[in-house]
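Chain letters run A, B, ... following the sequence lines, proteins first, then strands; residues in each count from 1.
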Protein chains: 2
Amino acid sequence: MDVDTRVLRYYVAVAEHLSFTRAAQELFVSQPSLSRQIQRLESEVGAALFVRTGRQVRLTAAGENLLPAARRILDDWRQAVREVRTSEAARKQLLRIGFVATGAGPLGRRARTVFTTHHPEITVEPKRFDWGGEAQALRQGLADAAFVWLPTDLSGLHAHVVATEPRWVAMAATHPLAAAHDTVSIMDLRDEPLMWTRKAPQEWVDWWAVNPRPDGSTPLWGPENDNVEEMLEHVATGNAVCLGTKSMAGYYAHPELTWRRVTDIEPLRIAVAWPHGRTNPLVRAFVETVIDLAAL
Amino acid sequence: MDVDTRVLRYYVAVAEHLSFTRAAQELFVSQPSLSRQIQRLESEVGAALFVRTGRQVRLTAAGENLLPAARRILDDWRQAVREVRTSEAARKQLLRIGFVATGAGPLGRRARTVFTTHHPEITVEPKRFDWGGEAQALRQGLADAAFVWLPTDLSGLHAHVVATEPRWVAMAATHPLAAAHDTVSIMDLRDEPLMWTRKAPQEWVDWWAVNPRPDGSTPLWGPENDNVEEMLEHVATGNAVCLGTKSMAGYYAHPELTWRRVTDIEPLRIAVAWPHGRTNPLVRAFVETVIDLAAL
DNA sequence: CTGCATCCATACGTTTGAGGCATAGAAGCT
DNA sequence: AGCTTCTATGCCTCAAACGTATGGATGCAG
């Protein structure tokens, strides 16, 4: 009679993809493991949820009927956890500001400073997340507001674009390109292995990698990584190059690393974002501070 | 971010009893295990749910806020599973009739016979449950209708009393009481260890054991058991005596067992019951068959 | 019609975690 | 101060969830 929300997530994923293999990939579990969990769920509820006919998978009537309940339970739980976490932070007079890597650069720091002078009783906690994690964190109640890097999935969130940053490329100091030019073109990176991550959605990875390239080609993929530090370790070692922001060129300038401006790709857009639903007045105040500063 | 509904049940139980020890007893888990699960839940949601102050346990604000969501999720899941199981049975043209031990005796069998002649396309499946399990089975969608033995918790169920049965007592054939009388009084059983179960609610156990006795005394408790067969094994071995129905005296008459009518206790009331909510017309038809037969 | 590719199920070994028992530690009562 | 009551911690056991390797069925192409 008991279920784990994990199993419900598995079920919804299979129902959405109508494929165990693809759902397993999305869920970062093996296909056999996923099959077992679905079998277990089916025996628990006493009915087959999917019809597997060799080549294709489709929902049974029971599968269709259970699906809304599974979604409802997942939403209910996510929202409940988000509210508890958010209230707990509010109770402790905390304002948790999520960001990735350099976040919004100088704007973020100025906003925190200004906010703190107006609300000295509040502790503002900058919270660093892995690639794509800042938007996720808002949905999970792990941050109250965040500087999110676009493009990303903004469902469930309010967002205002407050800054843009030119994109730069990082490479090992010994890299030939570093010696050759002060600036580079995206086409100069055609044969360079590029860093990527499975933490962020595909859309995000493609945008950063400029995939497809202006000439229609696909980037050469290098090692995977979860966050800036890991990424730059790889790059300094010479395994790959990576794209980043102008701020990153300043913040993460170590001797083994060389940064160059990329002249011909669009800049990063950065938004301040916060979750839908009842909004803590402090969150709104912080967002307004950011927007005001951005307008200067 | 994931939870098991089991953990939510634990949480709700602790919140209702405001005691880990008592909740653990109700849930049939050890107190340390329960404590650990609650700790785990608390770290998952990022807030303490209970304040433990040595002598007493009370809910925190976060604990109060999470409670409705936990209850909602549990109800949602129970209902979803019940509906899937019920629809699946309907799809297979099954009508599952729950009962305990001898159920409603001859009435149950006659009702199934009559129903089958009117609905030959339907397979009627008598389903036997452990003590107190027939009402539970209706709530869990494991039966479509059932003969429930009163008193029991009827929440979520419709019920009509359709029969009563005098109560008899079973003892080992070698038992002194068996030789002495044709009938016995409840007071004759004062010093006899009586069978009991933890499957059914306390109310049920007390009613069967006639606790307290007319003179205010408490029965002497014998071995525990889950169902008729286990109970009668104990009784035949001479470990205890047990109370049962007149039907049981006929159905379960083996040589090592002697049954005697108990003259001075109220008879068992038996109801036909079915779950709240959308009701399959076949269920209603069966219930009406039972009620009609009972009226004869 | 045969070989190949695709996709889900099964087998098996490994690891995580939920449970029980014993016991420590804290709080209130006598 | 000692006793009782209640929750937390340490340690062990066992079930189950996961991954890798592989089997088996289906559909497509040559």
Side-chain angles (χ1 to χ4, degrees), chain A residues 1-60 62-63 66-67 70 74 77 198 224, chain B residues 1-60 62-63 66 70 73-74 77 81 198-199 224:
Chain A
M1 202 63 184
D2 286 313
V3 236
D4 200 315
T5 53
R6 184 180 59 256
V7 175
L8 294 182
R9 286 194 292 110
Y10 289 3
Y11 165 44
V12 171
V14 175
E16 281 173 354
H17 289 91
L18 292 179
S19 157
F20 284 72
T21 308
R22 279 191 297 280
Q25 284 166 358
E26 190 197 69
L27 295 165
F28 297 109
V29 293
S30 68
Q31 169 267 314
S33 183
L34 180 58
S35 287
R36 306 288 294 227
Q37 292 303 314
I38 299 293
Q39 283 170 11
R40 199 179 153 70
L41 178 62
E42 287 176 321
S43 86
E44 181 75 32
V45 302
L49 299 172
F50 298 100
V51 185
R52 295 87 154 162
T53 52
R55 205 54 148 193
Q56 76 175 9
V57 171
R58 64 172 204 278
L59 282 160
T60 60
L66 193 61
L67 198 51
L74 288 173
W77 178 245
R198 56 176 97 233
E224 178 201 346
Chain B
M1 202 63 185
D2 286 313
V3 236
D4 200 315
T5 52
R6 184 180 58 254
V7 176
L8 295 181
R9 287 193 292 109
Y10 289 3
Y11 165 44
V12 171
V14 175
E16 282 174 352
H17 289 90
L18 292 178
S19 158
F20 285 72
T21 308
R22 280 191 297 279
Q25 284 166 358
E26 190 196 69
L27 295 165
F28 297 108
V29 293
S30 69
Q31 169 268 314
S33 184
L34 180 58
S35 286
R36 303 183 89 98
Q37 292 304 314
I38 299 293
Q39 283 170 10
R40 199 178 153 71
L41 177 63
E42 287 176 321
S43 86
E44 181 76 32
V45 302
L49 300 172
F50 298 100
V51 185
R52 295 88 155 160
T53 53
R55 206 53 148 194
Q56 75 174 9
V57 171
R58 65 171 202 278
L59 282 159
T60 61
L66 193 62
I73 287 170
L74 289 173
W77 178 244
V81 171
R198 56 177 96 234
K199 291 262 167 173
E224 179 201 345

Participant: Below 4.0 angstrom from OP1 or OP2 of C:dA9, is there any side-chain N or O of A:R36?
Facilitator: no

Participant: Can you identify which nucleotide, out of C:dC8, D:dC18, D:dT20, has its nearest atom closest to the A:S33 side chain?
Facilitator: D:dC18

Participant: Which is true for B:R6 with a 4.0 Å heavy-atom rule: it touches a base, it touches only sugar-phosphate, or it touches nothing?
Facilitator: sugar-phosphate

Participant: Grab the CG-C1' distance between A:D4 and C:dG17 for me, whole Å please.
Facilitator: 12 Å

Participant: Side chain to side chain contact (heavy atoms under 4.5 Å, CB included) for A:L41 and A:Y10? Distances and angles first, verdict last.
Facilitator: CA-CA 10 Å; A:L41 178 62; A:Y10 289 3; over 6 Å; no

Participant: A:L59 versus A:F50: any side-chain heavy-atom pair under 4.5 Å?
Facilitator: yes

Participant: In terms of side-chain heavy atoms of A:P32, which of D:dC6, C:dC7, C:dT10 is nearest?
Facilitator: C:dT10

Participant: So, for A:L34 and A:A23, which heavy atoms are closest and what is the spacing to 0.1 Å?
Facilitator: CD2-CB, 3.8 Å

Participant: Roughly, in whole Å, what's the span from CG in A:L18 to P in C:dC7?
Facilitator: 13 Å

Participant: For the pair made of CG in B:L41 and P in C:dA18, what is the distance, rounded to whole Å?
Facilitator: 11 Å

Participant: Do B:Q31 and B:S35 get their side chains close enough for a donor-acceptor pair, meaning under 3.5 Å?
Facilitator: yes

Participant: Which part of the nucleic acid does A:Y10 contact within heavy-atom distance under 4.0 Å: base, sugar-phosphate only, or nothing?
Facilitator: sugar-phosphate

Participant: Nearest of C:dG19, D:dG19, D:dA8 to any side-chain atom of B:F20?
Facilitator: D:dA8

Participant: Do any side-chain nitrogens or oxygens of A:S35 fall under 4.0 Å of OP1 or OP2 in C:dA9?
Facilitator: yes

Participant: Is any side-chain nitrogen or oxygen of A:R40 closer than 4.0 Å to OP1 or OP2 of D:dA17?
Facilitator: yes

Participant: Is the backbone of A:V3 close enough, under 3.5 Å, to the side chain of B:T5 for a donor and an acceptor to pair up by distance?
Facilitator: yes

Participant: Give the nucleotide from the list D:dC6, D:dG19, C:dC7 with an atom nearest to the side chain of A:V29.
Facilitator: D:dG19

Participant: At less than 4.0 Å, is any side-chain N or O atom of B:T21 found next to OP1 or OP2 of D:dT7? Yes or no.
Facilitator: yes

Participant: So which nucleotide from C:dG19, D:dG10, C:dC7 ends up closest to the side chain of B:Q37?
Facilitator: C:dG19

Participant: Using whole Å, report how far CG of B:L34 lies from P of C:dA18.
Facilitator: 13 Å

Participant: Is it the case that atom CZ in B:R52 sees more than 12 heavy atoms from other parts of the structure closer than 6.0 Å?
Facilitator: yes

Participant: From CD of B:Q56 over to C1' of D:dA8, roughly how many Å is that when rounded to an integer?
Facilitator: 18 Å

Participant: With respect to the side chain of A:Q39, which nucleotide from C:dT10, D:dA8, C:dG20 is positioned closest?
Facilitator: C:dT10

Participant: What is the distance from CG of A:D2 to P of D:dA17, rounded to the nearest Å?
Facilitator: 12 Å

Participant: Looking at the base of D:dA8, is there any donor atom on it, or on the side chain of B:Q31, that sits under 3.5 Å from an acceptor on the other one?
Facilitator: yes

Participant: Between A:I38 (CD1) and D:dC18 (P), how many Å, whole number?
Facilitator: 11 Å

Participant: Could you check how far CG of B:L49 sits from C1' of D:dT7, rounded to whole Å?
Facilitator: 16 Å

